[in-house]
Colleague: 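The structure's right below; bear with me while I get my questions together.
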2 protein chains.
Amino acid sequence: MRADAQRKMASLLQSAMEVFRTSGVDAPVREIAEKAGVGLGTVYRHFPQRSDLIVAVFKNQIDACADAASDIASKYEPGEALARWMQRYVDFIGTKRGLAAALHSGDPAYSALPVYFNKRLRPALKTLLDAAVAARVVRPGIEADDLLRAVATLCHGPHGQEPVYARRMVELLVDGLRYGAGRESTGP
Amino acid sequence: MRADAQRKMASLLQSAMEVFRTSGVDAPVREIAEKAGVGLGTVYRHFPQRSDLIVAVFKNQIDACADAASDIASKYEPGEALARWMQRYVDFIGTKRGLAAALHSGDPAYSALPVYFNKRLRPALKTLLDAAVAARVVRPGIEADDLLRAVATLCHGPHGQEPVYARRMVELLVDGLRYGAGRESTGP
DNA sequence: GTTGCAAACGGAACAATGTTCCGATTATTA
DNA sequence: TAATAATCGGAACATTGTTCCGTTTGCAAC
């Protein structure tokens, strides 16, 4: 791929991410192209359909969120790491205004996303969760899937003041995990 | 209102309902106008915004579903009536392809719908539920709100084979209600 | 039955937006 | 530096929500 093509591609993804966060995933393609300093043709060369751009941005952010797990794990003790990553995950979900609707619309263009979502995020959370359980700061017996889904649901509750509400609810959830952490015996 | 206006209005609502059921709420207004044998201008005279038409159809169907409760209650014994109305409600929710998304989009055009939804459907279900509890064919302690929400959620589960899946899940739910029905004492 | 008119109608025209297409531009390489 | 092939930009097209206005029509007064 030519050097300039790579630059435009990166600029495009970056701008799309910002526009989607600002105006939701229904923002016009023209707005994204303009913000990226790129022609419409260029956008459609890289992403033949509007949905392809959305999918690319979304995968990008899934990756970033998943990768953040090991970064955070190396900087904080297990309980704090879990709590911080959960908030990181809330931020991620929070920027998805309108995407949930597209996902549930049955449009086959998005059918690969949920799979990718679980494939990347579940192991990331599971690692943090296992570490916290091993350190006895979080109770065992909670599935990573369930947590991911619960938080995603919480983030789509009452609209309007999502950010604060969601963060508080997830804090509660994590505190719930912490409650009664050390009650199991050490081993057989 | 002029007689012809009433006719066109009725035809419009009827056609809109059918088109929405067939093609989802995102169907073009032109398609509805054509099916109703009506000009575009007529549609927009009655419903200044596309969303107004959607809201009108939806309220119409909420009313029909709520009114069905007393009909069914007069024809079947309480337990059967509850079960039948629940399936009627499933049918109603099932035709709402795409509407849930619109509802959760935050568009203020739809903000009155959830209120109306609860105002009409909750009393309808509550009556059936109370009767079934009084007849000791269903356990007490279940809130109408929770049932309505649970069923609505079930209907939007795995897409593709919704109809069968939803009906079966709701059957299960009702059977769950029946289980252990007569266990309370008759009175103080 | 005729007539007048206000209301309702129909569809052309406009605006916004996804998508396609092609001449102009530019990075790459010999 | 020049040839070339990939890339770019934006004009043009298609679809769809919305507006506008000349035409038609139900209704009431005579």
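Here is how names work: the chains are called A, B, and so on, in the same order as the sequence lines, proteins then strands, and each is numbered from 1. These values consider heavy atoms only, across backbone and side chains, with no hydrogens, waters or symmetry-generated copies.
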Colleague: Can you tell me if CZ on R88(A) sees more than 12 non-hydrogen neighbours from other groups inside 6.0 Å?
Modeller: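 Counting neighbours around CZ of R88(A), more than 12 heavy atoms of other residues, nucleotides or ligands fall under 6.0 Å, so yes.
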Colleague: Taking T95(A) for its side chain and F92(A) for its backbone only, find out whether a donor-acceptor pair lies under 3.5 Å.
Modeller: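 The answer is yes, because a donor-acceptor pair under 3.5 Å joins these two groups.
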Colleague: Just how far, in rounded Å, is C1' of dT24(D) from CZ of R45(B)?
Modeller: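 From R45(B) CZ to dT24(D) C1': 12 Å.
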Colleague: Which nucleotide in the list dC8(D), dG9(D), dG17(D) gets nearest to the side chain of V38(A)?
Modeller: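 Selected nucleotide: dG9(D).
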Colleague: If you assign each of G41(A) and L40(B) to its closest nucleotide in DNA chain C, which residue comes earlier from the 5' end?
Modeller: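 Between the two, 5'-proximity favours L40(B).
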Colleague: Just how far, in rounded Å, is P of dT18(D) from CD1 of I32(B)?
Modeller: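 Distance check: I32(B) CD1 to dT18(D) P gives 12 Å.
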Colleague: Tell me: CZ of R50(A) to C1' of dT15(D), nearest whole Å?
Modeller: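 To the nearest whole Å, that distance equals 15 Å.
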Colleague: Could you give the CG-to-P distance, from D26(A) to dT16(D), as a whole number of Å?
Modeller: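 Result: 16 Å.
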Colleague: How long is the line joining CD1 of I54(B) and P of dT16(D), in whole Å?
Modeller: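 Spelled out: CD1 on I54(B) to P on dT16(D) is 14 Å.
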Colleague: With sugar-phosphate meaning primed atoms plus P, OP1 and OP2, does R2(B) contact a base, only sugar-phosphate, or nothing at under 4.0 Å between heavy atoms?
Modeller: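 It contacts base atoms.
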Colleague: Determine yes or no for a side-chain-to-main-chain donor-acceptor pair under 3.5 angstrom, with W85(A) supplying the side chain and S70(A) the backbone.
Modeller: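 No.
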Colleague: Take R30(B) and R7(B), find for each the nucleotide of DNA chain D with the closest heavy atom, and name the residue whose nucleotide sits nearer the 5' end.
Modeller: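 Residue closer to the 5' terminus by nearest nucleotide: R30(B).
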Colleague: Starting at CG of L82(A), measure out to OH of Y89(A) and round the result to the nearest 0.5 Å.
Modeller: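 The OH atom of Y89(A) is 13.0 Å from CG of L82(A), to the nearest 0.5 Å.
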Colleague: So does E18(A) get a backbone contact from the side chain of T22(A), meaning a donor-acceptor N/O pair under 3.5 Å?
Modeller: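 Looks like yes, one N/O pair under 3.5 Å.
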Colleague: I'd like to know if the side chain of Y44(B) pairs up with that of D52(B) as donor and acceptor (distance under 3.5 Å, no hydrogens or angles considered).
Modeller: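 Per modelled atom types, Y44(B) and D52(B) side chains form no pair under 3.5 Å.
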Colleague: From CZ of F47(B) over to P of dT18(D), roughly how many Å is that when rounded to an integer?
Modeller: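 Rounded to whole Å, this separation is 13 Å.
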Colleague: Less than 4.0 angstrom between a side-chain N/O of H46(A) and OP1 or OP2 of dC8(D), yes or no?
Modeller: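 Indeed, a polar side-chain atom of H46(A) lies that close.
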Colleague: When you match Y44(A) and A5(B) each to their closest nucleotide on DNA chain C, which lands nearer the 5' end?
Modeller: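 Residue closer to the 5' terminus by nearest nucleotide: A5(B).
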Colleague: When you list every nucleotide of DNA chain C with an atom under 4.0 Å from a heavy atom of chain A, which one comes first 5' to 3', and which comes last?
Modeller: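 Both ends considered, the range comes out as dT17(C) to dT28(C).
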Colleague: Should we say atom CD of E80(A) is surrounded by more than 12 heavy atoms from elsewhere, each under 6.0 Å from it?
Modeller: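 Enclosed: over 12 neighbouring heavy atoms sit under 6.0 Å from CD of E80(A).
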Colleague: From CD of E31(B) over to C1' of dT15(D), roughly how many Å is that when rounded to an integer?
Modeller: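 The distance from CD of E31(B) to C1' of dT15(D) comes to 13 Å, rounded to the nearest Å.
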